Structure formats: structure tokens, C-alpha cells
2 protein chains.
Amino acid sequence: MQEKISSQIALPVEIDLQSYPLFRQCEGVFVSALQEAARERRFEKGQVVFLHGDGVECFYIIRHGWVKLYRETLDGTQAVVDIFTTGHMFGETAIFEDGMYPYSAEAVEDVQVIALPIDLLKNEIKANNKLALDMLCSMARYRRRQDREIEHRSLQNASQRIGCFLLRLLNQSEDGAAHIHLPYDKMLVASRLGMQPETFSRALSRLRDKTGIRIKGSTVEIDSPSQLTDYSCMACSSEYPCKDILSGK
Amino acid sequence: MQEKISSQIALPVEIDLQSYPLFRQCEGVFVSALQEAARERRFEKGQVVFLHGDGVECFYIIRHGWVKLYRETLDGTQAVVDIFTTGHMFGETAIFEDGMYPYSAEAVEDVQVIALPIDLLKNEIKANNKLALDMLCSMARYRRRQDREIEHRSLQNASQRIGCFLLRLLNQSEDGAAHIHLPYDKMLVASRLGMQPETFSRALSRLRDKTGIRIKGSTVEIDSPSQLTDYSCMACSSEYPCKDILSGK
DNA sequence: CGAGGGTTTGAAGTGCATCAAATAGTGTGG
DNA sequence: CCACACTATTTGATGCACTTCAAACCCTCG
């Protein structure tokens with residue numbers, strides 16, 4: 001399934017970097033240098049953006065589409081680290097690694113990204129304290145997310161994890177919209193939540209029976225979100241109900 | 001088991017802060033301000049250092065003993081986030097939280113810590129780019145650890161997790177010492193690894209049978225560490241054999 | 001010695017994974 | 001627009017790993 005194709009389009013691109021939280025406070029010189037170096041690249045579904053261990057030159061901002069970050073064990077099992085979409089940045093933490101990406105990245109569907117040279121970021125962080133602070137905040141946010149992830153994996157059962165996942169999608173859509181659309185196919189949701197597709201299917205049915213949600217294909221209708229939190233957040237140590245940490249980009 | 005006793009000793013204390021990686025590059029003024037504000041506190045086994053959600057005033061450096069960081073769910077289950085000993089720092093990430101500790105801390109055995117006012121650190125990070133960079137590195141290190149933790153919990157079985165834990169203890173003792181002592185009681189090791197004490201006991205026996213280690217009470221003798229890596233690192237996506245990330249303080 | 005924890009062992013239950021097969025859904029070419 | 005191919009999803013059956021409950025053992029310390 002993984003193909004590495006080097007014939008991606010890499011064109012200069014117009015982009016308002018200062019609309020991204022990390023660069024909001026940055027000075028014009030740095031931002032214009034970044035903007036000048038920015039290149040648009042497109043990847044088709046299944047294409048690999050970079051592989052774990054590749055030498056690092058760029059970090060990426062997603063303009064459109066979905067990308068999954070994953071790692072592989074010696075025996076070939078794939079562990080999905082995370083799945084990102086529009087507005088999210090990835091690969092930037094390689095600054096603190098020894099020049100290698102800490103995971104692989106693959107387009108989950110056709111995706112359009114901005115590639116930015118990581119050296120520029122690295123140097124600016126060294127020189128610009130505000131950027132360093134923003135980066136610290138962003139890493140702290142990520143850290144909270146990871147902490148919660150670890151907890152969820154050990155304390156929540158499959159149905160509760162799905163419920164929690166749905167609740168976070170609810171939070172992201174401004175209003176508490178009563179029906180939400182799964183962002184990508186169920187197999188991928190399953191791997192994001194660390195379970196098998198079969199388990200996902202069964203766990204989702206169980207969740208339906210317990211919380212009165214309705215499922216039509218990849219759409220989920222939720223009449224009473226509180227019933228969902230009651231069930232899902234029971235085994236979670238976060239504040240009740242769970243505040244969305246995911247949305248931080 | 002949790003008692004909150006406010007009658008801890010809090011005495012001024014002499015300490016060479018610059019021997020800690022985070023402060024190595026810091027200027028004299030800041031370091032002496034910190035040193036002046038440093039207070040020694042002792043906690044007996046089972047005593048609570050702070051609770052999740054407490055207002056944050058201090059962060060801590062462990063001088064001697066063991067502290068566990070944990071969170072609790074609504075139904076009272078305790079999830080051990082981590083267990084730290086001499087030289088480690090904890091509570092400092094509260095800088096990026098909204099004035100609350102993100103977990104609770106409890107002395108696992110009698111422990112001696114240095115309490116330092118977190119405001120000083122917060123202000124210095126804002127002013128001192130080098131400190132911010134060191135903090136970034138430290139968070140990146142933590143992040144790698146967490147990433148690996150998530151992976152281990154989903155890909156390794158109980159015996160492999162124990163094997164991995166032992167290997168990290170081996171790395172920490174400079175030579176590849178052939179026998180190591182469990183740092184705290186088995187119940188706690190079990191919860192650190194996210195399993196039940198009974199599971200730990202059984203999994204350790206299985207590990208013994210598979211890798212030829214010998215177990216005498218809380219001492220483990222390892223003749224061939226390579227046999228241990230062969231078995232434990234099989235299900236892990238890190239470089240083989242697993243490099244120690246834990247040791248970063 | 002005896003009480004009380006930590007640790008081990010046994011038996012039974014639960015949840016998820018795995019393998020296998022049926023079904024639904026999607027896109028393709030005719 | 002239909003039939004076909006292919007993939008995603010669901011369902012069933014079974015197995016394994018870990019948990020849970022219970023009891024025995026062991027160790028330490030008063």
C-alpha cells in the first residue's frame with residue numbers, strides 16, 4: 001500500500017502564515033523568509049510523505065485532506081500515532097530529534113500540504129523567545145493530549161473510547177450539532193483508537209444500545225450528548241465532562 | 001492511604017542548581033534567586049505532595065526517595081502516570097497549565113525534595129531564551145517517552161513490558177550489571193506498567209522461563225541481556241535494541 | 001509468635017483479537 | 001443503467017491475555 005513517489009508537484013505558494021497560532025507573534029523578516037521558501041505539495045491517497053528515519057528537511061502544514069502519522073515494528077505491525085487534517089502542522093518536532101523523523105507520514109486521502117524548511121524554524125526558535133514560548137505551549141498541549149491518550153487506552157473500554165472520540169468531534173463543530181460525520185473511514189478510526197475494525201464495529205453497536213445514538217453509514221446522530229458523556233467519561237480522570245484538548249492545532 | 005499533612009519541614013537548603021541540566025546555562029542572578037527561595041521538604045511514605053487540581057506554587061526536584069505521579073478517575077481507580085527518583089524534576093510543566101497541577105503526587109517511600117517557586121521559573125523562561133530552549137528539549141524528550149509508552153501499551157504483552165522495564169534499569173546502572181534490584185515494590189512496578197499485581201507476578205515467571213533470568217525476591221539476575229532484548233524488543237518500533245530514553249532527567 | 005501487608009497461585013470471567021464468511025457499498029467498464 | 005470487481009463493514013465462532021475473586025503462602029516487624 002505504501003508507495004514512495006518522488007514526482008510530487010512542488011510549487012511556490014501564497015500562504016498567510018501569520019494566521020497559524022505558532023507564527024502569530026513572529027516578525028515580518030522571518031515570516032517572509034518562510035513564505036518565500038514555502039512549497040506546495042500534493043500527495044495521493046496512500047502516498048508516503050516521509051518515512052520514519054528519513055533525513056529531515058521540511059515540516060508541513062496541511063491545507064486540505066488527511067494525513068496519518070504512524071510507526072512500524074520489526075514484524076510489520078503498524079501503529080497509528082495520530083491523524084491530522086487542515087490547519088495542523090506535523091514533522092516540526094523533528095527539530096529536537098537527531099535529524100530524523102520520529103514517525104512516518106502517509107496521505108489518508110488526496111492531500112495538499114505546505115512544505116517549509118525546518119532549518120528556518122530551528123534558527124528562529126533559537127533567536128526568538130516568543131516563538132520558543134509558543135512552541136513550548138504547543139508542546140505542552142500535545143503532551144496533555146498524549147497523557148490523556150495513555151490514560152484512555154488503559155482505563156476506557158472500546159465503546160467508551162469511541163464515545164469519547166465522538167464527543168470530541170461534537171466539540172469541534174461549533175454548535176453541539178446533533179449529527180456528525182466520521183472524518184475518515186471506520187477502519188482508520190479503529191486504528192486511531194487502537195482497536196481492530198471488527199472490534200470497532202461491535203463496540204459501536206454496543207455504544208448505540210447503551211446511549212441511544214443512531215448510526216447511518218458514516219453519520220452518527222446524537223440526541224443526548226449527556227448520555228454519551230455519562231457513559232464514556234465515567235472511566236476518565238479528566239474533568240467531567242471531558243474538555244476538548246484535541247482542537248488545539 | 002492518602003494523608004495530607006501540612007506539617008512538613010520546610011527549611012532553607014543548600015543546593016547546586018547548576019548541576020541540573022535545565023539550569024546549566026542559566027545566569028547567576030536567576031540561579032541565586034532560585035537557590036535563595038529553595039526549601040527542603042520531607043514526606044513520609046504515603047504522604048501526598050500535591051493533588052491534581054491544587055493551585056500551583058512550586059515545582060520540585062527529588063533529592064532522595066521515590067515519588068509517584070498519578071491521576072484518579074471518578075470511580076476511584078488510580079492510574080499511575082510515572083514514578084520518579086533522585087535528580088528528577090516534577091510539577092514544572094504546570095507553567096503551561098492554567099495554574100493547576102495536571103496530576104497528583106505522592107511519596108512512595110520517605111522522600112526528600114527541594115521545593116522551588118514556579119513563578120521564578122516562569123518569568124525566567126519568558127526572559128531567557130536558552131532556558132526556554134532547554135525546556136523545549138526536555139519536553140521533547142518527555143514526548144518521545146510518552147510516544148513510546150503508548151506504543152508499548154498497545155503492542156507489547158505483559159512479559160515484554162517487564163523485560164523492557166528491566167532493560168532500562170540495566171542501562172541506568174553504568175556497567176551492564178548482571179543483577180539489578182527492583183526500585184520499589186512489585187505492586188507499584190505493576191501499576192507503573194499498567195497491569196495488575198497478579199498479572200505482573202505471572203508475566204515475570206513467564207519472562208524467567210523464556211529468557212533465563214533469575215528472580216530472588218526483589219533482585220533480578222540477568223546473564224544474557226541480549227536474550228532479554230530479543231524477547232522484549234520484538235514488538236517495538238524503536239531502534240533495535242531499544243535505546244534508553246528514560247535516563248534523561 | 002502473630003498480625004498484616006505483599007506476593008504467588010488457582011479458577012473463572014471478560015474483552016479484545018483473530019480467522020472466516022456473509023453482506024453492504026463503491027467505483028468501473030460495458 | 002446494470003453487472004462485476006473490489007473493498008469496507010458486519011457478524012459469527014473461537015482463542016488468548018489479562019482481570020477479577022479467592023485463597024494460600026511468605027515475609028517482616030511489632
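Quick caveat, the model's predicted, so the values are computed rather than measured.
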Closest nucleotide among [options] to the [X] side chain:
{"X": "B:Glu198", "options": "D:dT19, D:dA22, D:dA13", "value": "D:dA22"}
{"X": "B:Ser201", "options": "C:dT9, D:dT9, D:dT11", "value": "C:dT9"}
{"X": "B:Arg202", "options": "C:dT18, D:dT9, C:dG10", "value": "C:dG10"}

I'd like to know if A:Arg206 reaches the base of D:dT11 with its side chain such that a donor and an acceptor end up less than 3.5 angstrom apart. no

Tell me: [atom1] of [X] to [atom2] of [N], nearest whole Å?
{"X": "B:Lys45", "N": "C:dG6", "atom1": "NZ", "atom2": "P", "answer": "6 Å"}
{"X": "A:Met187", "N": "C:dG25", "atom1": "CE", "atom2": "C1'", "answer": "15 Å"}
{"X": "A:Ile215", "N": "D:dA8", "atom1": "CD1", "atom2": "C1'", "answer": "16 Å"}
{"X": "A:Leu204", "N": "C:dG15", "atom1": "CG", "atom2": "P", "answer": "17 Å"}
{"X": "A:Asp185", "N": "C:dG27", "atom1": "CG", "atom2": "C1'", "answer": "15 Å"}
{"X": "B:Arg153", "N": "C:dC16", "atom1": "CZ", "atom2": "C1'", "answer": "17 Å"}
{"X": "B:Tyr184", "N": "C:dT7", "atom1": "OH", "atom2": "P", "answer": "13 Å"}
{"X": "A:Leu182", "N": "D:dT9", "atom1": "CG", "atom2": "P", "answer": "9 Å"}

Upstream residue (5' side of DNA chain C) when A:Gln196 and A:Gly217 are each assigned their closest nucleotide: A:Gln196

Please give the angle, rounded to 10 degrees, between the axes at the start and the end of the helix from C:dC1-D:dG30 to C:dG30-D:dC1, where five pairs define each axis. 30°

Carboxylate-amine/guanidinium contact A:Glu149 A:Arg153, below 4.0 Å: yes

Between A:Glu44 and A:Arg42, is there a salt bridge with N-O shorter than 4.0 Å? no

Would you call the rings of B:Phe43 and B:Tyr60 parallel, tilted or perpendicular, where under 30° means parallel and over 60° means perpendicular? perpendicular

State whether A:Thr199 places a side-chain N or O below 4.0 Å from either non-bridging phosphate oxygen (OP1 or OP2) of C:dC16. no

Counting any heavy atom closer than 4.0 Å, what does A:Ala158 reach on the DNA or RNA strands: base, sugar-phosphate only, or nothing? sugar-phosphate

Ring centres under 6.0 angstrom apart (A:Phe84, A:Phe90): no

What's the separation between atom CD in A:Gln156 and atom CZ in A:Phe165, rounded to the nearest 0.5 Å? 13.0 Å

Pick from B:Arg71, B:Lys68, B:Arg192: which one makes a salt bridge (Lys or Arg N to Asp or Glu O under 4.0 Å) with B:Asp82? B:Arg192

Could you tell me whether the side chain of B:Ser154 and the main chain of B:Glu151 form a donor-acceptor pair under 3.5 Å? yes

